[in-house]
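The structure under discussion appears below in the form of structure tokens.
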Amino acid sequence: MVRLKSVEIVSINTGKPKEVQFNSKDVSTGIFKTPVEGELFLSWVNFEGDGQADLVHHGGREKAVCVYPYEHYPFWEKELQRTLAYGAFGENLTIRGLLEEDVCIGDMFKLGEAIVQVSQPRQPCYKLSVRYGLPDMPLKLQDTGYTGFYFRVLKEGVVSRCDGLTRIFAHPKGVTVSYANRIMHREKDHIEGIKKILEVDELSVNWRRTFLKRLDGIATDTTERLTGHA
């Protein structure tokens, strides 16, 4: 395996789910993450001290670690007219030096003692609206392509911010997170693009299921994910 340049971990962020009010109802969300210093154990499903409320759209073995590039923060600070703290998008790792167009589904990274692998782009949900009070925030994040991505954990281990993130395997299919986002959200009828993404065995089960349905002419309703309304 070819070892490539190390990516900076700006912050490791964790947080347990909590109850908040949204659209006159109680909602449980784990989007409120705060920076943690020192070493943390990364298990198959999350960092110690972390948790997710909605295990349909977040968490689990294939979405154990949410990653977001710090390079996007200035754009969102301008959009939201506020300064953003690390973990602003509910991510576990705020990183610098690796954007959606730089990383591919199936790429593997050394993260401290742990080994992790890109499983899918992050799909923003209405919990971002809960956090920022903006109904169109999830759709805006999705449309920009500034989504971040998820890691599955291949090897558990202790992680610290100073370890950095080092790519140890670049997937030969070369399907970037950016490309996967484009086919999923914008070019939904791009059959060859769908087939290209499905050739990546390491693609998450959920994304594979969605694309296979699309090949059969079945559309996935994203209303609940984006708005919180069934």
Side-chain angles (χ1 to χ4, degrees), residues 8-37 46-47 49-60 63-101 103 119-151 161 177-178 180-182 184-186 206-207 210 220-230:
E8 180 188 357
I9 298 174
V10 179
S11 181
I12 299 178
N13 317 294
T14 64
K16 292 289 190 181
K18 65 179 186 178
E19 295 283 329
V20 296
Q21 277 277 313
F22 180 68
N23 288 344
S24 302
K25 64 179 181 180
D26 289 329
V27 171
S28 181
T29 176
I31 199 167
F32 296 95
K33 311 286 188 197
T34 54
V36 179
E37 292 299 327
N46 57 20
F47 280 105
D50 194 45
Q52 296 84 24
D54 175 7
L55 293 177
V56 174
H57 298 117
H58 311 286
K63 292 176 280 187
V65 180
C66 184
V67 186
Y68 201 75
Y70 183 71
E71 286 89 343
H72 300 326
Y73 269 60
F75 173 84
W76 292 115
E77 287 182 333
K78 188 175 179 182
E79 282 285 311
L80 297 167
Q81 293 293 296
R82 69 181 81 179
T83 301
L84 298 173
Y86 300 143
F89 302 93
E91 76 270 20
N92 300 114
L93 295 182
T94 311
I95 62 169
R96 183 186 282 115
L98 193 71
L99 300 177
E100 289 83 357
E101 58 262 33
V103 63
S119 59
Q120 65 167 74
R122 185 249 187 97
Q123 283 191 292
C125 79
Y126 75 94
K127 301 298 175 64
L128 284 162
S129 299
V130 173
R131 180 160 186 173
Y132 293 106
L134 298 172
D136 64 343
M137 184 68 181
L139 188 59
K140 192 171 285 189
L141 198 87
Q142 182 173 289
D143 287 347
T144 60
Y146 298 165
T147 61
F149 48 91
Y150 280 111
F151 284 144
R161 188 172 62 82
V177 167
S178 181
N181 269 330
R182 180 154 57 89
M184 176 63 82
H185 302 302
R186 298 205 299 278
N206 283 344
W207 272 54
T210 298
T220 301
D221 187 356
T222 60
T223 304
E224 185 174 1
R225 171 173 65 84
L226 292 171
T227 69
H229 302 298

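What's counted below: heavy atoms across the whole structure, side chains too, no hydrogens, waters or symmetry copies. Each residue takes its place number in the sequence, starting with 1.
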Mind checking salt bridge (charged side-chain N to carboxylate O under 4.0 Å, His left out) for R82 and listing every partner two or more places apart, or none if nothing turns up?
none
With sequence neighbours left out, write down each residue that passes ring pair (Phe, Tyr, Trp, His ring centres under 6.0 Å) with Y73, or none if nothing qualifies.
Y70, F89
Contact check, side chains of H72 and L99, non-hydrogen atoms, under 4.5 Å
yes
In Å, rounded to the nearest 0.5 Å, how long is the span from CD of E71 to CG of L98?
8.5 Å
Would E91 and K33 count as a side-chain contact (heavy atoms from CB on, under 4.5 Å) here? Give the steps.
CA-CA 7 Å; E91 76 270 20; K33 311 286 188 197; over 6 Å; no
To the nearest 0.5 Å, what is the distance between CD1 (I9) and CG (N92)?
11.0 Å
Hey, are the side chains of L134 and S129 touching, using non-hydrogen atoms and a 4.5 Å cut-off?
no
Distance-minimising heavy-atom pair for P35 and S11:
CB-OG, 3.4 Å
Pairwise distance CD1(I12) to OG1(T34) - rounded to 0.5 angstrom:
12.5 Å
Residue pair N181 / P121: nearest heavy atoms and the distance that separates them
OD1-CB, 3.3 Å
List for me each residue that meets ring pair (Phe, Tyr, Trp, His ring centres under 6.0 Å) alongside F149, sequence neighbours excluded, and say none if there are none.
F151
Taking atom CD1 of I95 and atom OH of Y68, what is their separation to the nearest 0.5 Å?
11.0 Å
Would you confirm whether D50, through its side chain, and G15, through its main-chain N or O, come within 3.5 Å as a donor-acceptor pair?
yes
Shortest non-hydrogen separation from R186 to D143 and the atoms involved
NH1-O, 4.0 Å
Kindly write out the residues that satisfy salt bridge (charged side-chain N to carboxylate O under 4.0 Å, His left out) with K16, not counting sequence neighbours, or none if the list is empty.
none
Do L80 and M137 make a side-chain contact, defined as non-hydrogen atoms from C-beta onward lying under 4.5 Å apart?
yes
Hey, mind stepping through I31 and V130 against side-chain contact (heavy atoms from CB on, under 4.5 Å) and telling me if it holds?
CA-CA 9 Å; I31 199 167; V130 173; 5.7 Å; no
Rounded distance (nearest 0.5 Å) linking atom OG1 of T210 with atom CE of M184
4.5 Å
Are Q123 and T147 side-chain neighbours, meaning at least one heavy-atom pair lies under 4.5 Å?
no
What's the shortest heavy-atom distance between P138 and C125, and which atoms?
CG-O, 3.2 Å
Salt bridge (charged side-chain N to carboxylate O under 4.0 Å, His left out) with D136: which residues, sequence neighbours excluded?
K140
Listed by chain and number, what are the salt bridge (charged side-chain N to carboxylate O under 4.0 Å, His left out) partners of E8, not counting sequence neighbours?
R96
Would you mind reporting whether N13 and V36 have side-chain heavy atoms less than 4.5 Å apart?
no
Can you see which heavy atom on A88 is nearest to which on Y132, and at what distance?
O-OH, 2.6 Å
Shortest non-hydrogen contact between L141 and P124, atoms and distance:
CD2-CB, 3.5 Å
Would you check if the side chain of E100 reaches a backbone N or O of V177 as a donor-acceptor pair within less than 3.5 Å?
no
Evaluate the criterion side-chain contact (heavy atoms from CB on, under 4.5 Å) for residue pair Q142 and T222; output intermediate values, then yes/no.
CA-CA 12 Å; Q142 182 173 289; T222 60; 5.8 Å; no
